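See below for the structure under consideration.
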Amino acid sequence: MRIFILLAILLTPVAQATVAVNAAGKTLDQFFVMASEVFAKAVIVDPAVNGTLKVYGVSHGNFQRLFYSILRSHNLSYMETDDVLRIYPKTDMALSNLTNRQSLFDFIASSVSGVYISGSMSYHADNKIRYEYAFVQSGTRDTFRPEHIGLKITAIHSCLAQLSFDTYSTFVTCEPYTTPETMQDDDTNQIPSIFKNTNNQDIPSQD
């Protein structure tokens with residue numbers, strides 16, 4: 001009840017400049033109720049947000065500045081629209097960003113896995129060499145286009161390129177593995193044996 005009385009005092013024309021708010025011992029939830037009335041919008045607070053605050057000497061004229069200062073001091077962040085003010089811990093949002101970032105890097109790594117340079121062309125101009133590459137997925141032999149998932153291609157030489165996105169980086173080479181050809185036996189290509197009698201005749205003995 002006391003908090004609504006204080007709010008009524010704050011909203012009177014004379015009190016805006018002369019009456020101070022004593023919010024000692026108030027919880028953040030109570031302060032956000034006050035903010036909802038002052039800002040005339042819904043305040044949605046993350047369940048993880050809690051705590052108490054101690055504020056003295058605040059008039060209605062600088063309540064907005066106080067409000068955002070309290071958010072910063074409690075490591076809180078916010079998203080604001082014309083009708084809603086959403087408040088959440090900064091650590092939660094940072095963790096969400098970190099998780100999303102790692103998920104993106106995992107996706108890129110899985111996309112690049114097994115990719116090799118299948119061909120390259122070099123262009124010489126002004127004593128510089130520029131390379132263009134063709135990439136292939138070794139398992140499916142499908143063409144891979146790094147630029148389609150936002151990867152930057154940095155040429156190093158004809159069989160080595162760097163693919164990067166933000167802080168993620170990897171190297172792609174020409175395919176280093178080849179499948180050896182299977183040797184098949186062919187009787188027609190065998191070396192004739194000196195012990196084989198091709199005419200079915202006895203070799204004459206020497207006395």
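Just so you know, these numbers use all the heavy atoms, side chains as well, and skip hydrogens, waters and symmetry mates. On a predicted model such as this, the values are computed, not experimentally measured, just so you know.
Tracing side-chain contacts under 4.5 Å through hydrophobic residues (I, L, V, M, F, W, Y), one never reaches Phe165 starting from Ile156; they form parts of separate clusters. There is no path of hydrophobic side-chain contacts, each under 4.5 Å, that joins Ile44 to Ile87. Under a hydrophobic-cluster definition in which Ile, Leu, Val, Met, Phe, Trp and Tyr are linked whenever side-chain heavy atoms come within less than 4.5 Å, directly or via other members, Ile70 and Met34 are assigned to the same cluster. Taken together through direct or relayed side-chain contacts under 4.5 Å among Ile, Leu, Val, Met, Phe, Trp and Tyr, Val38 and Val45 form part of one hydrophobic cluster. Hydrophobic clustering places Leu28 together with Tyr78 (ILVMFWY residues linked when any side-chain heavy atoms are closer than 4.5 Å, directly or through intermediates).
Taking all atoms of both residues into account, the shortest heavy-atom contact from Ala155 to Tyr131 is CB-CB, 3.9 Å. Taking each heavy atom of Lys41 and Asp83 in turn, the nearest pair found is CB-O, 3.2 Å. Residues Thr173 and Pro176 come closest through the heavy atom pair OG1-CD, 4.3 Å.
Taking OH of Tyr88 as the start and CE of Met79 as the end, the distance is 5.5 Å to the nearest 0.5 Å. Rounded to the nearest 0.5 angstrom, His74 NE2 and Phe31 CZ are separated by 9.5 Å. Expressed to the nearest 0.5 Å, how far CD of Glu175 lies from SG of Cys159 amounts to 10.5 Å. The OG atom of Ser169 lies 10.5 Å from the CZ atom of Phe105; values are rounded to the nearest 0.5 Å.
Taking Val112 as the reference, Ile108, Phe144, Leu151, Leu163, Thr170, Val172 meet the side-chain contact (heavy atoms from CB on, under 4.5 Å) condition, with sequence neighbours excluded. Remark: Ser113 engages no residue in a side-chain contact (heavy atoms from CB on, under 4.5 Å) (not counting sequence neighbours). Looking at residues two or more places apart in sequence or on another chain, you find a side-chain contact (heavy atoms from CB on, under 4.5 Å) between Thr81 and Val84. Residues passing the side-chain contact (heavy atoms from CB on, under 4.5 Å) test with Ser36, sequence neighbours excluded: Val43. Not a single side-chain hydrogen bond (donor to acceptor under 3.5 Å, both in side chains) links Asp29 to another residue, sequence neighbours left out.
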Solution key, residues 117-130 side-chain donor-acceptor pairs under 3.5 Å, sequence neighbours excluded:
unit_1	atom_1	unit_2	atom_2	d
Ser118	OG	Ala134	O	3.2
Ser120	OG	Ser158	O	3.0
Arg130	NH1	Glu132	OE2	2.8

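Between Phe135 and Tyr133, the ring planes are tilted. Angles from 30° to 60° get that label. Ring geometry for Phe32 versus Phe67: interplanar angle over 60°, hence perpendicular rather than tilted (30 to 60°).
The closest donor-acceptor contact from the side chain of Ser138 to the backbone of Gly114 lies under 3.5 Å.
Atom CZ of Phe107 is surrounded by 12 or fewer heavy atoms from other residues, nucleotides or ligands within 6.0 Å.
When side chains are defined from C-beta on, Pro89 counts as touching Val49, because their heavy atoms get closer than 4.5 Å.
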